[in-house]
Amino acid sequence: MSELLNCGTHGQQPKTYVCKHIIKSMESGVGVGFLWSVTDGEYDAICHKCNQLSEQQWQEQQNELGRLLCLGCFKVAAKINDADLGRVN
Ligand SMILES: [Zn+2]
Ligand SMILES: [Zn+2]
């Protein structure tokens, strides 16, 4: 079971992991890409730019680029970026 996050908007939600550019797209409303995946029920997504980083570059910059997001906000972000999450709980 994934850990819960307390979101000001959505209340208690499973936590997801995204890059900060996706957070920014939620503020600006401008899509940046939304390449998502789900591992053991935990969702994560990165933008097109971060998708071009090598595995090593991502590891090095993960603390700088990575942000936690509640699943509710994750769905909002997906919508802004025209991503289809398919069947999410
Ligand atoms: Zn990014
Ligand atoms: Zn939320």
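All ligand and atom numbering here is 1-based and tracks the order in the structure.
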Exercise. Can you name the N/O/S atom of His21 that is nearest the Zn ion (ligand 1)?
Worked result: ND1
Exercise. Do the ring planes of Tyr17 and Trp58 sit parallel (below 30°), tilted (30 to 60°) or perpendicular (above 60°)?
Worked result: perpendicular
For this session: Indicate the atoms forming the closest heavy-atom contact of Val30 with Asn81, along with that distance.
Result: O-OD1, 4.4 Å
For this session: Nearest 10° is fine: what angle sits at the Zn ion (ligand 2) between ND1 from His10 and SG from Cys70?
Result: 100°
Problem set entry | CA sep, side-chain torsions, deciding dist, call: Glu60, Gln56, side-chain hydrogen bond (donor to acceptor under 3.5 Å, both in side chains) | CA-CA 6 Å; Glu60 283 167 8; Gln56 195 193 343; 3.2 Å; yes
Problem set entry | N/O donor-acceptor pair under 3.5 Å between Thr16 side chain and Leu71 backbone | no
Exercise. Do any of the N, O or S atoms of Cys50 sit under 2.8 Å from the Zn ion (ligand 1)?
Worked result: yes
